[in-house]
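Worksheet for the structure shown next.
Model, not experiment: these values are computed from the prediction.
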Protein chains: 2
Amino acid sequence: MGVSIKDVAKKAGVSVSTVSRVLNNGKYVTDETSEKVMKAVKLLGYRPNIIARGLRTKKTNSVGLIVPDITNEFFAKLAKTIEENLNNNNYSLLLCNSGENEDKERKYIKTLLDKFVDGIIFISSGYDQNMHLFPDDLPIIAIDRKPNAKRVNFISSENKKGGYLATKHLIENGCSKILMLKDRKAVSPMNARLEGYRDALREYNMLFDEDMIIESEVELEYVKEKILKIHKRLEFDGIFAGTDLLAIGAIKTLLKLGYKIPKDIQVIGFDNVLTSQYYNPGLTTIAQRLSEIGERSASLMVDLIENGVKNTESKSYFLPVELIKRDTTR
Amino acid sequence: MGVSIKDVAKKAGVSVSTVSRVLNNGKYVTDETSEKVMKAVKLLGYRPNIIARGLRTKKTNSVGLIVPDITNEFFAKLAKTIEENLNNNNYSLLLCNSGENEDKERKYIKTLLDKFVDGIIFISSGYDQNMHLFPDDLPIIAIDRKPNAKRVNFISSENKKGGYLATKHLIENGCSKILMLKDRKAVSPMNARLEGYRDALREYNMLFDEDMIIESEVELEYVKEKILKIHKRLEFDGIFAGTDLLAIGAIKTLLKLGYKIPKDIQVIGFDNVLTSQYYNPGLTTIAQRLSEIGERSASLMVDLIENGVKNTESKSYFLPVELIKRDTTR
DNA sequence: ATGAAAGCGCTAACAC
DNA sequence: GTGTTAGCGCTTTCAT
């Protein structure tokens, strides 16, 4: 291979341990020898072998990120900031796309452990089955979807408040029959949003009607079908969609049916994806502070790795959400 | 740490080298001893230490992926299929987000080399400055943006043909003054699309007019401004946008100006991003076979790693594109 | 077919 | 302050 620490030692006329010292902390070394060493390093173009170092130190300077679907704009943005921030702290990111599949998820966790990552940032596919795979002494951070099973650090948005704000917005704009459109997944953020919806109804003394909660796949066709059915059976003048894509699917269908938006029906989404901005009409929505979630996750991870993990005192953070008013509400 | 090969050897009553043999190829070992070893492995829950193995073998079973922006749906889809396919072949993916930044790109390449990845899949930020950093004996695959500087394996779509198909489609639908809207980047796929545009004009004996080539940032606001200016100065009845987002920005503005689409002006995009499907009206566009590009890249990479690299005979693949007709063309 | 032993490149006691 | 040395856990000659 290339040049090793031995070569540097020889060139500098010192021992390997001295070289190692210089490179790692620089403590207990004269400035003089230190200089000699650095000169040799530069001269030979020496770069430490990270693998060998890892074998000794049990540290790889890499962290694993497990996402359900990197194609989902939400997770992509998260991945991006996490990667950036980790990288600034000299950590690499191993990306794992679980595809919302528990078996794959399990396999990935094992692979990451085999690779001796220094920590794992975990966006669960929604179930807790795999939580027990994480060793107690490995830094773990869960994002977005809270696992129940085990105590882990958890970072997310104020989803409940988001649902509340969205619903309140509709109510204050005159809606009295509000549909809540949710996806099929039994996953914590969506449930929190639903709770927020109920909270708002309660606050305004409107009664909660189970029938107004509509479940659908996120696919355009599914939403379309759902709305087609619903609009015959139910009367409504507002929709709170748990996801922008759900909202847009609904709007697309509603427009075709001849409804005016926001005149006849007002719609609000969740997530503020790019499409919600580009869409026609622009979608009113609840935005999460994704880059903050990402930053916070990365810095917490670095902290856990470098300043010790105390799984006994795991933390939860809930970052603020914000209503973005566009053209689908009055 | 955990259980090592020594423990297994002891448990099975054989030497470590025998255990190693059993685990790696199984050659030169009796079925009997092999069985003993496997039993011990299972009993102890032994998992080989990949780091230690890597130190010896110089193989890490990981490949680096450098993308300009994982937030871009195009790259995200690519990353997803690449990751999936690599994973099926027992390789992990190190994700690097270069942010279209050459310095970061360089830093990432160095980091990946330091980490001894077995190969690098590279979506360049458009410049060739960093190509020389790749060692000659490391498997390299460039995707989407072709580097000139050096001979590397290259996988992409038939961008030129895409531009041709798009323009031809407009022409055959009656357009006679076609704007080409492109981004600011001096990057190969966009230029190929432009070439295709010229080819189509030539074929139909329409003259190419430099003024009809409009450059803009991809941001909604920029596009809007551009279109606002253009529409006073120029007459046009068709737009070929080099990117869906560019197309949608244009449409949004045109609609506000009172034009009917596709009646007054027809528009076609490129990439078939999700938004183009959700958008209102649905955007006619040219689709690339992203998953095929991803698959091909991954399998080529595995092939290069496992069956030897011959950088002397690097390959180029250009995958087919397809016109998807929606509502912005007649 | 199996074992002993060297060594991948590094860090960290431990001596001095 | 600096050098010597023993490993980290594995693969791979080289004997036998």
Quiz prompt | Comparing B/Thr33 and A/Ile51 on DNA chain C - which has the more 5′ nearest nucleotide | solution = B/Thr33
Self-check item: Between P of C/dC10 and NZ of A/Lys10, the distance in whole Å
Solution: 14 Å
Quiz item: Within a radius of less than 6.0 Å around NZ of A/Lys104, do more than 12 heavy atoms belonging to other residues, nucleotides or ligands occur?
Solution: yes
Quiz item: A/Asp114 has an atom CG; how far is it from atom C1' of D/dG9, in whole Å?
Solution: 14 Å
Exercise. State whether A/Ser4 places a side-chain N or O below 4.0 Å from either non-bridging phosphate oxygen (OP1 or OP2) of C/dG9.
Key: no
Quiz item: Atom CG of B/Asp7 and atom C1' of D/dC8: how far apart are they, to the nearest Å?
Solution: 13 Å
Quiz prompt | Between C/dT2 (C1') and B/Asp31 (CG): distance, integer Å | solution = 15 Å
Self-check item: Listed partners of A/Arg56 passing salt bridge (charged side-chain N to carboxylate O under 4.0 Å, His left out), at least two apart
Solution: none
Quiz item: Just how far, in rounded Å, is P of C/dA1 from CG of B/Asn25?
Solution: 12 Å
Quiz item: What is the distance, rounded to the nearest whole Å, between atom CG of B/Leu55 and atom P of C/dT11?
Solution: 12 Å
Exercise. Find the distance A/Ile50:CD1 to D/dC8:C1' and express it as a whole number of Å.
Key: 17 Å
Quiz item: Cation over ring, B/Arg296 on B/Tyr317, under 6.0 Å and within 45°?
Solution: yes
Exercise. Check whether the side chains of B/Lys146 and B/Ser156 place a donor and an acceptor atom closer than 3.5 Å, and report yes or no.
Key: no
Self-check item: Among D/dG3, D/dC10, D/dC8, the one nearest A/Lys58 by side-chain distance
Solution: D/dC8
Donor-acceptor pairs are to be reported for all side-chain atoms of residues 79-86 of chain A against protein atoms at under 3.5 Å, with residues two or more places apart or in another chain.
residue: A/Thr81; atom: OG1; partner: A/Lys77; partner atom: O; Å: 3.2
residue: A/Thr81; atom: OG1; partner: A/Leu78; partner atom: O; Å: 3.2
residue: A/Glu83; atom: OE1; partner: B/Tyr108; partner atom: OH; Å: 2.9
residue: A/Glu83; atom: OE2; partner: B/Tyr108; partner atom: OH; Å: 2.5
residue: A/Asn85; atom: ND2; partner: A/Thr81; partner atom: O; Å: 2.7

Practice problem: Classify every nucleotide of nucleotides 11-16 of chain D by which part a protein heavy atom approaches to under 4.0 Å, writing B for the base, S for the sugar-phosphate alone and - for neither, in 5'-to-3' order. | Solution: BBB---
Quiz item: For the pair made of NZ in B/Lys115 and C1' in C/dC10, what is the distance, rounded to whole Å?
Solution: 16 Å
Self-check item: Nearest-nucleotide pick for A/Lys6, side chain only, options being C/dC8, D/dG9, C/dT2
Solution: C/dC8
Quiz item: Do B/Leu23 and B/Tyr46 have side chains that get closer than 4.5 Å, going by heavy atoms?
Solution: yes
Practice problem: Compare all side-chain heavy atoms of B/Glu102 with those of B/Asn130 and state whether any distance is below 4.5 angstrom. | Solution: yes
